[in-house]
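As a basis for the values below, the full set of heavy atoms in this structure was taken, side chains included, without hydrogen atoms, waters or symmetry mates.
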Amino acid sequence: MSLNRYLVRSTVVGALGGLLFGFDTAVISGATRTLRLYFHLSDRELGITVAIALWGAVIGAIFSGLPGERFGRRDSLRGLAFLYLVSAVGCALAWNLPSLMAFRFIGGLAIGGSSVLGPMYISEISPAQWRGRLVGTFQINIVVGILLAYLSNYLIGFVNSGNSEWRWQLGISAVPALLFVLMLFVIPRSPRWLSTRNRIDDARHVLDLIGSPNSEAELKEIVASIHLERASEPLFQRKYRFPLLLALATGAFNQLSGINAILYYLNDIFAKAGFDPSHSGLQAVAVGATNLVFTLIAMSVIDKVGRKALLLVGCASLTGCLAAISAIFWTHAHQDWLVWLLMAYIACFAVSQGAVTWVYIGEIFPTRVRSKGQSAGSSAHWVVNALISAVFPSLAATSGAYPFMFFGAMMAVQFVIVLLIYPETKGISLEQMEHRLHIE
């Protein structure tokens with residue numbers, strides 16, 4: 001099956017939530033300094049201000065599966081796009097710290113929800129041979145959003161808006177949020193979701209639109225896998241224990257690599273290592289560009305190399321990078337290597353954790369519980385993210401080396417777990433995966 005314009009357009013629009021996900025999570029890195037000054041924040045208060053959006057993401061990830069099942073993936077994404085817009089405008093106009101935190105929490109709801117429903121929507125319209133690369137566009141959009149956030153922060157720095165600079169940095173995402181709202185009106189519903197609602201003719205029509213070579217056969221396979229009478233069965237059953245364990249581990253270890261703590265506090269990390277604050281914005285752009293380049297490389301090979309192999313290579317490489325970064329902060333020597341080591345770290349993350357996480361979680365559950373399973377995996381990701389981001393400033397203030405030592409140890413642990421228990425999923429249809437994992 002070849003890609004047609006309708007499939008490409010639906011994928012691109014579904015992945016726009018990833019761009020806002022990346023932008024809204026990374027943009028805070030440039031605002032930490034002025035937020036400290038404007039609101040007179042301590043390390044602990046700054047951690048809470050950053051993490052409040054992530055607790056919103058936890059709730060969004062946990063509960064997004066419910067509207068995703070009832071109203072469909074596409075229509076639920078429309079609601080999340082509106083929350084992105086409200087959050088951006090609200091942060092720009094925030095009148096005090098509680099109001100800022102409230103609007104960041106709203107943005108977190110959108111981030112968590114889109115981290116579940118965006119990849120789910122794309123995986124359900126994608127043929128098996130293209131699924132890794134198409135779902136990977138969500139991750140590409142995340143890193144594009146991160147790069148745009150760093151670039152936006154750098155350019156806004158030239159405006160000389162003083163201690164109110166954070167308003168512009170946090171509010172500019174209203175532009176892509178509005179675009180996301182509008183574009184969601186030009187894509188179809190998921191054919192798998194339509195089948196769960198017994199809208200078989202509509203599902204067949206969507207399969208024809210996206211270029212399925214044999215829509216009737218594919219539709220029969222989808223319907224057979226759904227078992228409509230069991231569509232609402234609970235996730236927490238013995239037969240789903242293994243895929244649930246895989247989802248929770250994949251989501252949690254993604255954050256135990258330290259990626260988002262580093263992205264959120266990148267400018268502070270450079271400052272602690274002795275770099276001139278005026279240069280940290282440009283260094284962040286270089287890190288974001290590295291993230292994008294290596295994510296694109298990963299997306300070009302994920303369906304050839306496989307998910308498990310990429311994770312193994314990534315875990316080993318990340319352990320080495322994090323050990324070297326820890327040594328710099330422990331010895332206070334060779335600080336000039338930090339930028340290059342962080343770029344190497346980002347490259348290793350992009351070709352492994354970054355490329356695989358959302359693809360893998362979306363592949364290991366049967367249709368009847370996929371939204372719940374994806375919510376569980378995403379929730380583990382956001383809970384760990386929120387906890388790490390809240391304590392990182394205080395922990396790093398004690399010793400810059402401690403956080404990186406911990407992250408390196410976690411990557412070594414994940415290497416062993418992936419090696420021993422993770423199954424490969426490349427080239428296997430969502431329906432066949434159910435049999436591979438022995439789910440009856």
Could I get the full list of side chain to side chain contact (heavy atoms under 4.5 Å, CB included) partners for Val359, not counting sequence neighbours?
Val135, Ile302, Arg307, Glu363
Would you say that Leu35 contacts Ile28 through its side chain, given a criterion of any heavy-atom pair below 4.5 Å between the two side chains?
yes
Distance check, rounded to the nearest 0.5 Å: Ile140 atom CD1 versus Leu296 atom CG?
5.0 Å
What's the verdict on side chain to side chain contact (heavy atoms under 4.5 Å, CB included) for Trp55 and Leu387, showing C-alpha distance, side-chain angles and the deciding distance?
CA-CA 9 Å; Trp55 288 115; Leu387 291 172; 3.8 Å; yes
Test your reading of the model: is there a side-chain donor-acceptor pair from Thr25 to the backbone of Gly22, 3.5 Å cut-off?
yes
Main-chain N/O of Ala26 paired with Ser29 side-chain donor or acceptor, under 3.5 Å:
yes
Are the side chains of Cys348 and Phe294 in touch, meaning some heavy atoms are under 4.5 Å apart?
no
Could you tell me the separation between the CG atom of Leu109 and the CD1 atom of Ile59, rounded to the nearest 0.5 Å?
6.5 Å
What residues form a side chain to side chain donor-acceptor pair (under 3.5 Å) with Thr250, not counting sequence neighbours?
Tyr422
Which one of Val116, Val181, Leu117 satisfies the side-chain contact (heavy atoms from CB on, under 4.5 Å) criterion with Leu80?
Leu117
Quick one: are Val383 and Leu54 in side-chain contact, heavy atoms under 4.5 Å?
no
How long is the span from the CD1 atom in Ile52 to the CG atom in Leu100, to the nearest 0.5 Å?
10.0 Å
Within a reach of under 6.0 Å around CZ of Phe82, are more than 12 heavy atoms found that belong to other residues, nucleotides or ligands?
no
Side chain of Thr290, backbone of Ala347: donor and acceptor closer than 3.5 Å?
no
Please assess Ile259 against Gln353 for the test side chain to side chain contact (heavy atoms under 4.5 Å, CB included), listing each intermediate value before the final yes or no.
CA-CA 9 Å; Ile259 182 63; Gln353 303 276 3; over 6 Å; no
Backbone N/O of Ser42 and side chain of Glu45: donor-acceptor pair under 3.5 Å:
yes
How long is the span from the OG1 atom in Thr34 to the CG atom in Leu41, to the nearest 0.5 Å?
10.0 Å
Ring centre gap for Trp166 and Tyr38 strictly below 6.0 Å:
yes
Residues which pass salt bridge (charged side-chain N to carboxylate O under 4.0 Å, His left out) with Arg36, listed by chain and number, not counting sequence neighbours
Asp43
For the backbone of Ala149 and the side chain of Ser152, can you confirm whether one donor and one acceptor N or O come within less than 3.5 Å of each other?
no
Shortest non-hydrogen contact from Ala376 to Leu244?
CB-CD1, 3.7 Å
Check the pair Trp382 / Phe63 against ring-ring contact (aromatic ring centres under 6.0 Å, His included), numbers first and verdict last.
CA-CA 13 Å; Trp382 290 115; Phe63 293 104; over 10 Å; no
Any heavy-atom pair between the side chains of Leu246 and Pro423 that's under 4.5 Å?
yes
Residue Phe39 excluded, over 12 heavy atoms near CZ under 6.0 Å
yes
Please report the interatomic distance CG(Leu248) to NE2(His381), rounded to the nearest 0.5 Å.
13.0 Å
Any chance you could lay out the side chain to side chain contact (heavy atoms under 4.5 Å, CB included) test for Phe23 and Ile142, step after step, and finish with the verdict?
CA-CA 7 Å; Phe23 193 101; Ile142 292 175; over 6 Å; no
Thr137 vs Val12, side chain to side chain contact (heavy atoms under 4.5 Å, CB included): CA-CA, chis, key distance, verdict
CA-CA 7 Å; Thr137 60; Val12 169; over 6 Å; no
Shortest non-hydrogen contact from Gly14 toward Tyr121
CA-CD2, 4.4 Å
Of all heavy-atom pairs linking Met411 and Thr319, the shortest is CB-OG1, 3.3 Å
Taking C-beta and beyond as the side chain, do Leu318 and Ser352 meet within less than 4.5 Å on heavy atoms?
yes
Considering all heavy atoms, the nearest Gly18-Phe138 contact
N-CE1, 3.3 Å
With a 4.0 Å cut-off on N to O distance, would you call Arg104 and Asp24 a salt bridge?
no
Testing the basics here: between Gly171 and Ala92, what is the closest heavy-atom pair and its distance to 0.1 Å?
CA-CB, 3.8 Å
Between Arg74 (side chain) and Ser190 (backbone), is there a donor-acceptor pair under 3.5 Å?
no
Output the distance between atom CG (Asn385) and atom CG (Asn254), rounded to the nearest 0.5 Å.
8.5 Å
Determine whether a donor-acceptor pair (N or O, by modelled atom type, separation under 3.5 Å) exists between the side chain of Ser87 and the backbone of Tyr84.
no
N/O donor-acceptor pair under 3.5 Å between Ser389 side chain and Ala386 backbone:
no
Would a 4.5 Å heavy-atom cut-off, applied to side chains only, mark Ile417 and Val413 as touching?
yes
Less than 6.0 Å separating the ring centroids of Phe404 and Phe329?
yes
Minimum-distance pair of heavy atoms, taken over all atoms of Cys91 and Leu170
CB-CB, 3.9 Å
Does the Glu424 side chain pair with the main chain of Lys308, one donor and one acceptor, at a distance under 3.5 Å?
yes
Determine yes or no for a side-chain-to-main-chain donor-acceptor pair under 3.5 angstrom, with Ser76 supplying the side chain and Pro67 the backbone.
yes
Do Phe406 and Leu256 have side chains that approach each other closer than 4.5 Å (heavy atoms only, starting at C-beta)?
yes
Plane angle bin for Tyr345 and Phe349 - parallel if under 30°, tilted between 30 and 60°, otherwise perpendicular:
parallel
Please tell me if the side chains of Ile48 and Met101 come closer than 4.5 Å, counting only heavy atoms from C-beta onward.
yes
